[in-house]
Colleague: 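Input: one structure, supplied below.
Everything quoted here is computed from the prediction, not taken from an experiment. Starting from 1, each residue takes its place in the sequence as its number.
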Amino acid sequence: MFLTASTSHGTRTRRRVSWIATAAIGASLVLTGTATVPAAMADTAATLSGIILGVGADESQRIVTWYSSADTTQTVQLAPTSALVNGQFPASATTFSASGSANIASSGGFNRHATITGLAENTAYSYRVGSDGNWSTTYAFTTQSFEGDYDFLFFGDPQIGSSGDLAKDQAGWQDTMNVAVGANPHAELLVSGGDQVETANTEAHWNSFLAPDQLRQYPWVATIGNHDVGGKAYEQHLYTPNTDRSGAYYRKGSGSIGTESGGDYWFIYKDVLYIDLNSNSYATSQGGGGDDAHISYVTDVVNKHGGDAKYTVLVYHHAIYSPADHAKDSDNKVRRTDFPTAFSKLGVDLVLQGHDHSYSRSYEIKNGAKANADEKPGQDEVFEGPGGVVYVTANSASGSKYYDITTPDSSGTSGAGNGADPLNPANYWYNSVQNQEHVRSYVKVQVKKDQLVVQNIRSGTCAAPNAAVELNKVLWCGPENGTKPAEAVGSIQDEVTIHPNHGDGQDIQVDVPTSAPGEFGWTIDGHNGLVDMGTAEEKNLQYFEATGQINPITVTDTRASKSPWSVSASVGDFIDNGKTFKGSFLGWAPKVVTPGAGAVAGAAVGSGYDGGDGLSVSRVLGSATSGHDRSAGVVGADLDLKVPNTIDKGSYRATLTLTALAG
């Protein structure tokens with residue numbers, strides 16, 4: 001629920017969009033695909049390799065990408081794992097046709113990709129790629145509920161091949177995957193910070209990067225790094241959804257589309273809008289659209305799709321608020337000048353970055369400056385204000401390369417400056433936490449109903465596999481510059497809970513279940529505006545009902561004139577990613593929570609399910625007549641929502657606009 005407070009001084013709107021939750025309905029599925037690759041030699045056996053499971057446009061999709069030695073018509077074959085008999089796919093298995101093209105000469109062969117659509121929630125699937133008589137190994141993945149809380153894992157720069165010892169780099173990468181997914185088997189996305197490999201078109205590096213089987217079991221969210229950008233292998237291996245491959249999003253513009261990788265893309269996964277940028281293109285002098293093109297892209301995506309999400313998360317490679325070797329790079333200073341104000345204005349909640357092979361978590365940043373002067377170093381809870389954004393940089397996930405933390409200078413404590421934090425002079429002004437221990441790590445993000453929990457977790461120690469340490473690429477290992485022994489695998493180095501901003505408003509959420517007998521429960525959290533009406537309960541096999549209460553409104557009136565005042569409100573339609581029901585189904589019973597300021601509760605308004613307009617038209621919450629006492633009072637309201645049981649399952653949200661008028 002979103003509140004807009006209006007007074008005699010005008011109306012203030014603090015939040016740009018209303019939150020909308022997505023959901024999917026369990027139903028029988030018709031899974032189809034369209035062939036786009038002609039059969040060149042249908043009877044030619046192909047060697048199939050490099051298979052990777054990628055994220056799709058939403059939680060009901062996945063994209064599978066692979067290499068083939070032959071230019072044949074190929075598909076992804078999919079079936080619920082429960083339908084396989086002795087490992088054999090049933091006749092009812094669905095196929096999704098693949099597209100692709102010839103690889104560059106140094107890669108050889110051909111690339112293929114296919115989008116799996118129409119997945120059901122809470123289902124184990126098995127899949128394979130190829131064609132009749134020429135199938136790959138069978139792999140499996142499991143979908144979770146398409147609504148509610150979930151976790152994703154973020155990995156910084158594997159950069160396989162960077163240490164010079166490919167086997168050691170692969171071993172460290174494999175071990176991090178084993179540790180991270182082993183500790184978080186229900187994580188739903190694996191997100192890249194870029195630099196999958198050391199050398200863009202070296203297939204041996206890609207083979208080692210793709211070695212972990214987890215990359216065929218959990219969807220990989222690809223991000224392009226500066227070591228990936230210089231060739232086509234990144235695009236050949238990692239096909240992404242909703243991707244704009246215009247020249248503006250390539251480092252050197254349209255002329256480099258045939259020789260380099262690039263593009264910006266977005267997707268929505270369980271109420272989170274993810275936008276992934278090719279940060280290699282940052283200046284128009286390079287030939288591409290630079291940062292201005294990225295800002296225009298993000299603006300367009302947020303304007304079109306931000307209303308379908310509770311959170312907005314940006315991902316790109318070049319960290320603009322990092323602590324190590326790249327902190328003072330001239331190109332990152334350009335991005336640090338170009339990006340932050342735009343991201344603040346667009347309501348971005350979290351930015352994930354790589355490139356600097358060290359860990360950092362910024363303070364809350366607004367318009368390129370620290371948003372809250374009172375935020376302490378290492379503070380474990382952040383309540384984002386309007387325009388507040390937290391930036392996280394991940395350390396190496398493979399151990400192939402680490403960068404040591406560098407020293408602040410006198411170049412300033414806002415904008416592009418690299419000055420010291422007044423509260424912790426060893427750190428840069430923008431970072432709440434900086435860490436380098438020369439041990440592998442990954443970042444876990446828990447997406448919750450009204451908070452994001454970010455943890456930096458150690459996936460290794462100073463012992464092997466840790467290529468940079470084993471090969472003496474670094475001189476020490478462990479916390480505090482090696483003066484302390486390494487902490488245990490799985491230990492948490494940093495943790496913060498980020499509470500998103502709801503402006504001056506209150507978001508109402510109600511979960512409508514599939515029409516069936518079930519329990520009903522709700523929680524009420526008045527902090528920072530979230531009003532959760534829980535899961536609606538079916539009544540008399542005719543309608544769903546949910547109840548709750550708005551966060552109380554305090555009215556303070558100490559004017560000598562003792563003039564009348566009133567607070568009124570109306571609600572818009574409840575929406576869930578294209579599904580909707582009328583706001584008139586919401587009613588309320590206003591009440592005076594704490595007497596004062598002459599407050600009198602407005603009249604009760606029933607749900608429009610029983611007749612009438614409900615709260616779809618402006619209704620009085622509370623008011624006072626002329627001559628009331630000069631003090632403060634608190635008004636609230638109990639909410640009652642009734643909707644027909646024909647409403648589709650979903651997590652619906654609506655915007656309640658509150659207007660205060662003073663005579």
Side-chain angles (χ1 to χ4, degrees), residues 1-2 15-27 29 56-61 117-122 143-150 188 266-274 301-313 347 349 447-450 500 502 505-516 518 520-523 529-538 543-548 571-586 607-609 614-616 639 641-657:
M1 180 175 70
F2 178 78
R15 191 67 173 175
R16 193 188 62 268
V17 295
S18 46
W19 299 118
I20 301 171
T22 60
I25 301 171
L29 301 179
D58 59 34
E59 58 274 2
S60 71
Q61 296 186 9
T117 60
L119 296 169
E121 60 185 349
N122 299 313
T143 60
Q144 309 294 330
S145 170
F146 288 171
E147 302 169 43
D149 299 349
Y150 72 99
E188 299 193 31
W266 66 274
F267 63 94
I268 291 180
Y269 191 93
K270 291 176 67 168
D271 301 340
V272 179
L273 172 60
Y274 294 85
V301 171
V302 169
N303 287 342
K304 290 180 178 177
H305 306 286
D308 296 333
K310 295 176 184 175
Y311 302 100
T312 298
V313 174
D349 297 289
V447 180
K448 297 180 178 291
K449 186 171 293 186
D450 200 35
H502 293 286
Q506 299 182 22
D507 285 335
I508 300 177
Q509 176 170 315
V510 59
D511 296 332
V512 178
T514 302
S515 181
F520 167 62
W522 66 89
T523 61
L530 181 66
V531 175
D532 184 3
M533 297 184 71
T535 301
E537 184 177 31
E538 193 169 19
Y543 63 90
F544 290 115
E545 184 173 18
T547 59
V571 71
D573 288 346
F574 284 76
I575 300 172
D576 176 18
N577 196 20
K579 299 173 291 185
T580 184
F581 62 80
K582 295 178 180 179
S584 61
F585 289 130
L586 182 67
S607 166
Y609 178 84
L615 293 183
S616 66
L639 299 172
L641 178 71
K642 293 180 181 178
V643 296
N645 64 359
T646 55
I647 296 296
D648 290 336
K649 173 186 175 184
S651 292
Y652 292 80
R653 290 202 177 189
T655 299
L656 184 79
T657 301

Colleague: I'd like to check the salt bridge (Lys or Arg N to Asp or Glu O under 4.0 Å) partners of Lys582; sequence neighbours left out, ordered by chain and number.
Modeller: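 None.
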Colleague: Drop me the distance from Trp266's CH2 to Thr312's OG1, to the nearest 0.5 angstrom.
Modeller: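 These two atoms lie 11.5 Å from each other.
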Colleague: Without swapping roles, check the side chain of Asn645 against the backbone of Phe544 for a donor-acceptor pair under 3.5 Å.
Modeller: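 Judged by distance alone, no pair lies under 3.5 Å.
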Colleague: Can you name the residues that form a side-chain contact (heavy atoms from CB on, under 4.5 Å) with Lys448, not counting sequence neighbours?
Modeller: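 Once residues adjacent in sequence are excluded, the partners of Lys448 under the side-chain contact (heavy atoms from CB on, under 4.5 Å) criterion are Asp149, Gln446, Gln451, Val453.
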Colleague: Is there a side-chain contact (heavy atoms from CB on, under 4.5 Å) between Tyr652 and Leu641? Walk through the geometry before answering.
Modeller: CA-CA 12 Å; Tyr652 292 80; Leu641 178 71; over 6 Å; no
Colleague: Measure across Asp573 and Gly583 and return the closest heavy-atom pair with its distance rounded to 0.1 Å.
Modeller: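 Shortest heavy-atom separation between Asp573 and Gly583 comes out as OD1-N, 3.2 Å.
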Colleague: Does any part of the side chain of Tyr269, heavy atoms only, come nearer than 4.5 Å to the side chain of Val447, both counted from C-beta?
Modeller: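 The answer is no; the side chains never approach within 4.5 Å.
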Colleague: To the nearest 0.5 Å, what is the distance between CD (Glu147) and CG (Asp271)?
Modeller: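 Going from CD on Glu147 over to CG on Asp271, the span is 8.0 Å.
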Colleague: How long is the span from the OG1 atom in Thr117 to the CG atom in Asp58, to the nearest 0.5 Å?
Modeller: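 Thr117 OG1 to Asp58 CG: 9.5 Å, rounded to 0.5 Å.
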Colleague: Output all residues satisfying side-chain contact (heavy atoms from CB on, under 4.5 Å) with Thr143, sequence neighbours left out; order by chain, then residue number.
Modeller: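 For Thr143 the side-chain contact (heavy atoms from CB on, under 4.5 Å) partners, ignoring immediate neighbours, are Arg62, Leu119, Thr123, Tyr125, Phe141, Phe146.
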Colleague: As an exercise, state the distance from CG of Leu273 to CG of Asp349, rounded to the nearest 0.5 Å.
Modeller: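 Reported to 0.5 Å precision, the distance equals 10.0 Å.
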Colleague: Where do Glu59 and Glu188 land on the side-chain contact (heavy atoms from CB on, under 4.5 Å) test, with the steps shown first?
Modeller: CA-CA 9 Å; Glu59 58 274 2; Glu188 299 193 31; over 6 Å; no
Colleague: Can you sort out the partners of Phe585 under ring-ring contact (aromatic ring centres under 6.0 Å, His included), two or more places apart, ordered by chain and number?
Modeller: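 So Phe585 forms no ring-ring contact (aromatic ring centres under 6.0 Å, His included) with any residue.
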Colleague: Is any side-chain heavy atom of Ile268 closer than 4.5 Å to one of His305?
Modeller: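 Heavy-atom side-chain distance check passes, below 4.5 Å.
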Colleague: Hey, could you give me the OG/CG distance between Ser651 and Asp532, rounded to the nearest 0.5 Å?
Modeller: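 Going from the OG atom of Ser651 to the CG atom of Asp532 covers 9.0 Å.
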Colleague: Write down the atom of Asp450, the atom of Pro500, and the distance for their closest heavy-atom approach.
Modeller: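 So the minimum-distance heavy-atom pair works out to O-CD, 3.1 Å.
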Colleague: Go through Met533 and Leu586 one step at a time and tell me if the side-chain contact (heavy atoms from CB on, under 4.5 Å) criterion holds.
Modeller: CA-CA 11 Å; Met533 297 184 71; Leu586 182 67; 4.3 Å; yes
Colleague: Could you go through the side-chain contact (heavy atoms from CB on, under 4.5 Å) check for Glu545 and Lys642 one step at a time?
Modeller: CA-CA 5 Å; Glu545 184 173 18; Lys642 293 180 181 178; 3.6 Å; yes
Colleague: Can you name the one residue among Val571, Val531, Thr547 that meets side-chain contact (heavy atoms from CB on, under 4.5 Å) with Leu639?
Modeller: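 Only one of Val571, Val531, Thr547 forms a side-chain contact (heavy atoms from CB on, under 4.5 Å) with Leu639, namely Val531.
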Colleague: My understanding is that only residues two or more places apart in sequence, or in another chain, count here; which of them pass side chain to side chain donor-acceptor pair (under 3.5 Å) with Tyr543?
Modeller: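 With neighbours one apart ignored, the set is empty.
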Colleague: Could you list the residues that satisfy side chain to side chain donor-acceptor pair (under 3.5 Å) with Gln144, not counting sequence neighbours?
Modeller: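 Listed in chain order: nothing, the list is empty.
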Colleague: Looking at Phe267 and Ala57, what are the two nearest heavy atoms and their distance?
Modeller: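 Smallest interatomic distance, heavy atoms only, reads CB-O, 3.6 Å.
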